[in-house]
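Before any comments, here is the structure.
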Amino acid sequence: MLRKDTMAISNFWFAILFGCGLAAQAQQKTPPSADKPLILSAAIPLPNIQGRIDHFALDPGGRVFICVVGNDTVEVVETLTEKRVHTITGVPHPQGVAYSPEFNKLFVASRDGKLFIYDGTSFDLITSIDFHGDVDNLRYDAAAKRVYVGFGDEGNAAIGMVDAATNQRVQEEYKLGAHPESFQLESAGPRIFVNLPDLKQIAVIDRRTGAIAKWPLSNFEGNFPMALDESNHRLFVGTRTPPRLVVLDADAGAVISAVRCAADSDDLYYDSLYKRVYVAGGQGFISVFAQRDPSHYQLLAEIPSVTGARTAGYAARIGKKGRDRFFLGVPARAGHEAEVWVYQAQE
């Protein structure tokens, strides 16, 4: 009797374990959920890359330019083949990058205080401009054919400008009183919105008059990334303390909404096609928010990534594949080389 009971119990546990094994096997074969707003479609290897990955720039022709601060390089990735096609070496601590399609030039910001200008095909160095201070975020204004340069600290901190055609520094600049982080240019208006985390403020520059207003960010610190929804007059700011997506009225500066997001954010993007905001956080998540209307935002998903992956690029239908894609810089970690993860955006 005891033997029969023992056999029955053994058969019972065998069935349970066997069933669990089948379930686990089936789960492994199940493709990623198709209802996610971002689907990981590729991982582009960046071998022999060490250190922190910083900001991206996108070429409408299908290339992605990636600053690697710790490696003193700018990596060039082709989206059609999903391969690294070139490495620009010898850039001291590159932090920001901008590309001018009209002139096929690449502008690279160096923490050591210089702006480097490269030919966009051969990647030969054309010239460099010394800004005598930490050169960080860059933005290209296609209408004015100018590159806007965030640089400096405290008394010499400013947004400067370079003529993309002549490679000459424009004498006019906008003094800010603190180091500028991410900034955004209006395309239909004259304003530049600038994050000033050291002051816990947002500077608003009028390019027509040169006037500068400053909006305080009460109860928020570490305002580094920024994006702009110009049509709905909304400014998106990522803060690190506490980790929030802060939505402001772009005309009045009032806070409309503040919702929890991935911590340690350094890049965020507004997707006008799907009405979403993507926040890349160094804690290992991409927070995706739905814009229900200009004043209401709902967390759609927290997409797992890798600790330290906090810089990214987003492009609507870049290159020949015709997809809206989100590119995430993933630094090297134990047992894995650095990569660029490519996500497809979908409804």
Side-chain angles (χ1 to χ4, degrees), residues 52 54-55 57 67 69-70 72 91-98 107-117 127-141 144 146-164 166-186 189-228 235 237-241 246 248 250 253 264-268 310-311:
R52 183 166 63 87
D54 218 327
H55 298 298
C67 293
V69 179
D72 293 342
V91 186
H93 310 302
Q95 301 184 114
V97 61
F107 300 81
V108 180
S110 165
R111 188 192 296 163
D112 286 12
K114 289 187 177 182
L115 178 73
F116 295 88
I117 306 175
T127 189
S128 64
I129 302 170
D130 199 340
F131 279 83
H132 304 287
D134 182 3
V135 184
D136 201 337
N137 279 261
L138 306 177
R139 296 290 181 268
Y140 179 60
D141 182 349
R146 284 183 173 180
V147 177
Y148 286 80
V149 182
F151 72 95
D153 291 289
E154 298 180 350
N156 74 329
I159 299 292
M161 289 162 281
V162 170
D163 186 308
T166 65
N167 306 321
Q168 297 298 308
R169 182 174 177 178
V170 177
Q171 291 305 307
E172 181 185 10
E173 61 184 37
Y174 305 109
K175 293 288 188 181
L176 297 170
H179 179 71
E181 285 292 336
S182 181
F183 61 93
Q184 298 297 324
L185 313 174
E186 280 187 321
R191 294 180 300 173
I192 308 174
F193 301 93
V194 188
N195 267 332
L196 303 176
D198 291 345
L199 300 179
K200 304 176 189 177
Q201 293 177 341
I202 296 169
V204 184
I205 303 167
D206 188 317
R207 285 175 280 180
R208 290 178 302 197
T209 66
I212 302 176
K214 289 183 179 177
W215 298 340
L217 274 177
S218 302
N219 305 317
F220 302 103
E221 297 181 20
N223 49 310
F224 285 86
M226 174 187 286
L228 177 64
L235 187 68
V237 172
T239 64
R240 295 182 181 175
T241 308
V246 181
L248 298 99
D264 193 30
S265 61
D266 207 30
D267 268 329
L268 69 82
R310 64 181 192 174
T311 52

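We use all heavy atoms of the structure for the numbers below, so side chains are in, but hydrogens, waters and symmetry mates are not. Computed from a predicted model, the values in this text were never measured in an experiment.
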Looking at residues at least two apart in the chain, or sitting in another chain, which of them share a side chain to side chain donor-acceptor pair (under 3.5 Å) with [X]?
X: Ser110; result: none
X: Asp267; result: His55
X: Glu173; result: Arg169, Lys175
X: Tyr174; result: Glu172

Answer whether the closest heavy-atom distance between the side chains of [X] and [Y] falls below 4.5 Å.
X: Leu196; Y: Ile202; value: no
X: Ile129; Y: Val135; value: no
X: Ile205; Y: Leu176; value: yes

Working to the nearest 0.5 angstrom, can you tell me the gap between [X] [atom1] and [Y] [atom2]?
X: Leu235; Y: Phe193; atom1: CG; atom2: CZ; result: 6.0 Å
X: Thr127; Y: Asn167; atom1: OG1; atom2: CG; result: 6.5 Å
X: Asn219; Y: Thr241; atom1: CG; atom2: OG1; result: 12.5 Å

Heavy atoms only: give me the nearest [X]-[Y] pair and the separation to one decimal.
X: Val149; Y: Leu115; result: CG2-CD2, 4.1 Å
X: Ala227; Y: Leu268; result: CB-CD1, 3.2 Å
X: Asn137; Y: Phe183; result: O-CE2, 3.4 Å
X: Gln201; Y: Pro216; result: CG-CA, 4.3 Å
X: Ala250; Y: Trp215; result: O-CH2, 3.4 Å
X: Pro180; Y: Gly152; result: CD-O, 4.0 Å

Pairs where residues 192-209 contributes a residue and the test salt bridge (Lys or Arg N to Asp or Glu O under 4.0 Å) is met, not counting sequence neighbours: Asp141-Arg207, Lys200-Glu221, Asp206-Arg208
If a pair satisfies salt bridge (Lys or Arg N to Asp or Glu O under 4.0 Å) and one of its residues is in residues 146-164, list it, with sequence neighbours excluded. none
Residue list, ring pair (Phe, Tyr, Trp, His ring centres under 6.0 Å) with Phe151, at least two apart or on another chain: Phe131
Sequence-distant partners of Tyr148, ring pair (Phe, Tyr, Trp, His ring centres under 6.0 Å), two or more places apart: none
Start with the C-alpha distance between Asn223 and Glu181, add both sets of side-chain angles, then the distance that settles side chain to side chain contact (heavy atoms under 4.5 Å, CB included), and finish with yes or no. CA-CA 8 Å; Asn223 49 310; Glu181 285 292 336; over 6 Å; no
Using side chain to side chain contact (heavy atoms under 4.5 Å, CB included) as the criterion, point out the one residue from Val237, Val194, Val246 that pairs with Met226. Val237
List in chain and number order the residues that pass salt bridge (charged side-chain N to carboxylate O under 4.0 Å, His left out) with Asp54, two or more places apart in sequence or in another chain; answer none if no residue qualifies. Arg52
Set of residues satisfying salt bridge (charged side-chain N to carboxylate O under 4.0 Å, His left out) with respect to Lys214, sequence neighbours excluded: none
Under the side chain to side chain contact (heavy atoms under 4.5 Å, CB included) rule, collect the residues that match up with Pro94, sequence neighbours excluded. Cys67, Asp72, Val74, Val91, Val108
His132 versus Asn156, side-chain donor and acceptor atoms under 3.5 Å: no
Exam field: side chain Asn195 to backbone Phe224, donor-acceptor pair closer than 3.5 Å: yes
Under 3.5 Å: donor-acceptor pair, side chain of Glu186, backbone of Arg191: yes
